[in-house]
Amino acid sequence: MKVYDAHRHLGVLPAYPFYGGPPVSPDITARATIDELLEDLDAEGTERALVIPNYGVPDVAVSFAFNDLVVEAAARDDRIRAGLWVSPRPQDAKLTAKALTLATEPGVRALKLSFLLGGHPTDDDARPLLDEIFNAARDNGLVVHVHTSPGAASDIDHVGHLVESYADQVPLHLVHFGGGMSGHIKLIGSRFFDWIEAGKRVYTDLSWAIGFAPGWLAAEIERRGTGHDRVLFASDQPWGDHAGELARMRTAMGDGELGDLVFHRTFTALYD
């Protein structure tokens, strides 16, 4: 089966004292160069990948600086598609404006934002930049990736406002499918399918998902007869575990039509 990876990162972050501890670098498989990335793709047998700047430390300038690297990677090898790091925070407006100038570069297929480093989907001062980001995605045929995880500003209760506001016209990829128990239950129980039936262009991956979620989602897709073309495989390397993510998703999605869609056909529809 072909394997296309819809979400992984490039770039090495500086060590940081997370949660009051000593400076650490937990993303031990992070790659600094395009050559290292290509070696990983070869070793995994990954035939296509959407590559996004690595992020996670509070200095967002580090992640913005990796935009040039992912654009270069996409230009160098046709297996790679690039996602640009952007931010809706007012203090990042100049960096985001610079990032959006790269939106027309060959191989750019997505814009990535996260509220892990601050801001909130419903902040009044974030709305102008959110409009700018989603307008750029619409005008250039790009997908917007948004990190989701339980609690705080990344909770699906909050990120869902972006689906309601923008996903009529712009494909919106909910990274990590809620990222944990509450998000999975909210999405599989109703919201993911409700959004699809309402015509929202919503997609997702199950990196970071708790064990029960992939199998339940596959069962609900079969029961409801919808959503089969909205799920993508993603490793989230170096924060994820490619081998583990691949094994879980192959077990849940199978090697029939649903598996074909999850592992490569939906990626082709969005990014090729």
Side-chain angles (χ1 to χ4, degrees), residues 1-7 46-50 81 109-110 134 137-138 141-150 155-236 240 244-272:
M1 179 184 290
K2 296 179 180 179
V3 176
Y4 294 1
D5 187 344
H7 171 208
T46 299
E47 297 187 36
R48 290 279 193 280
L50 180 76
R81 304 292 181 261
R109 295 291 185 269
F134 279 91
R138 181 198 63 211
L142 307 180
V143 181
V144 175
H145 282 225
V146 183
H147 172 91
T148 64
S149 54
D155 195 280
I156 197 62
D157 287 348
H158 305 304
V159 174
H161 290 287
L162 302 182
V163 179
E164 298 291 349
S165 296
Y166 299 107
D168 290 319
Q169 298 184 359
V170 177
L172 182 57
H173 181 142
L174 300 173
V175 176
H176 306 315
F177 201 59
M181 177 73 74
S182 62
H184 300 337
I185 292 175
K186 291 170 184 177
L187 287 167
I188 302 174
S190 62
R191 290 184 209 179
F192 185 61
F193 296 99
D194 290 346
W195 283 327
I196 292 171
E197 291 171 4
K200 305 296 183 183
R201 301 178 66 186
V202 61
Y203 296 82
T204 196
D205 69 70
L206 284 93
S207 56
W208 292 19
I210 294 175
F212 72 92
W216 184 25
L217 178 59
E220 279 297 290
I221 288 171
E222 180 177 3
R223 185 180 74 84
R224 293 172 180 260
T226 190
H228 53 283
D229 57 349
R230 303 302 184 94
V231 182
L232 302 103
F233 168 72
S235 70
D236 194 29
E245 299 289 354
L246 186 61
R248 283 192 307 137
M249 290 297 284
R250 276 183 166 160
T251 298
M253 303 300 166
D255 57 4
E257 181 180 7
L258 180 57
D260 285 344
L261 285 162
V262 168
F263 285 107
H264 69 92
R265 284 167 51 194
T266 300
F267 183 107
T268 297
L270 281 180
Y271 302 119
D272 287 342

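Note that this is a predicted model, so its numbers are computed, not measured.
Listed by chain and residue number, Val143, Arg201, Tyr203, Leu270 satisfy the side chain to side chain contact (heavy atoms under 4.5 Å, CB included) test with Pro171 (two or more places apart in sequence, or in another chain).
In this structure, the side chains of Lys186 and Asp155 come closer than 4.5 Å at one or more pairs of heavy atoms. Put simply, the side chain of Trp216 reaches to within 4.5 Å of the side chain of Ile185, judged on heavy atoms.
Rounded to the nearest 0.5 angstrom, Thr266 OG1 and Asp205 CG are separated by 12.0 Å. Distance check: His7 NE2 to Leu50 CG gives 8.0 Å after rounding to the nearest 0.5 Å. Here the NZ atom belonging to Lys200 is positioned 10.0 Å from the CH2 atom belonging to Trp195, to the nearest 0.5 angstrom. Atom-to-atom distance recorded for Asp260:CG and Asp229:CG is 13.5 Å, nearest 0.5 angstrom. With rounding to the nearest 0.5 angstrom, the CG atom of Asp255 is 10.5 Å from the OG1 atom of Thr251.
Between the side chains of Trp208 and Glu245, no donor N or O sits under 3.5 Å from an acceptor N or O.
Taking both residues in full, the closest heavy atoms of Arg248 and Pro214 are given as NH1-CG, 3.8 Å, listed atom of the first, atom of the second, then distance. When all heavy atoms of Ser182 and Pro150 are compared, the pair lying nearest together is OG-CB, 3.7 Å.
Annotation for Glu257: atom CD does not count as buried by contact number, only 12 or fewer foreign heavy atoms lying within 6.0 Å. Surrounding CD of Glu164 are more than 12 heavy atoms belonging to other residues, nucleotides or ligands, all under 6.0 Å away.
Taking the six-membered ring where tryptophan is involved, the planes of Phe177 and Phe192 are perpendicular, since the angle between them exceeds 60° and thus also 30°.
With His147 as the partner, the ring-ring contact (aromatic ring centres under 6.0 Å, His included) test is satisfied by one option alone out of His173, His158, His176: His176.
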Next on the checklist: Met249 vs Val231, test: side chain to side chain contact (heavy atoms under 4.5 Å, CB included). Steps then yes/no.
Outcome noted: CA-CA 11 Å; Met249 290 297 284; Val231 182; 4.3 Å; yes

Next on the checklist: Does Arg138 form a salt bridge (charged side-chain N to carboxylate O under 4.0 Å, His left out) with Asp168? I'd like the steps, not just the answer.
Outcome noted: CA-CA 10 Å; Arg138 181 198 63 211; Asp168 290 319; over 6 Å; no

Checklist entry - Can Val146 and Tyr166 be said to form a side chain to side chain contact (heavy atoms under 4.5 Å, CB included), step by step? => result CA-CA 12 Å; Val146 183; Tyr166 299 107; over 6 Å; no

Next on the checklist: I'd like to know whether Arg109 forms a salt bridge (charged side-chain N to carboxylate O under 4.0 Å, His left out) with Asp272, so could you lay out the CA-CA distance, the side-chain angles of the two residues, the decisive distance to 0.1 Å, and finally the verdict.
Outcome noted: CA-CA 9 Å; Arg109 295 291 185 269; Asp272 287 342; 5.7 Å; no

Next on the checklist: Let's go through Arg250 and Phe233 carefully: what are the C-alpha distance in whole Å and the side-chain angles of both, what is the deciding distance for side chain to side chain contact (heavy atoms under 4.5 Å, CB included) to 0.1 Å, and is it a yes or a no?
Outcome noted: CA-CA 9 Å; Arg250 276 183 166 160; Phe233 168 72; over 6 Å; no

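Between the side chain of Thr148 and the backbone N or O of Val175 there is at least one donor-acceptor pair closer than 3.5 Å. Not one N or O on the side chain of His145 forms a donor-acceptor pair closer than 3.5 Å with the backbone of Ala110.
Salt-bridge formation is detected for the pair Asp157/Arg191: a Lys NZ or Arg NE/NH1/NH2 atom is positioned less than 4.0 Å from an Asp or Glu carboxylate oxygen.
In this structure, Arg81 fails the cation-pi test against Tyr271, since its NZ or CZ atom is not both closer than 6.0 Å to the six-membered ring centre and inside 45 degrees of the ring normal.
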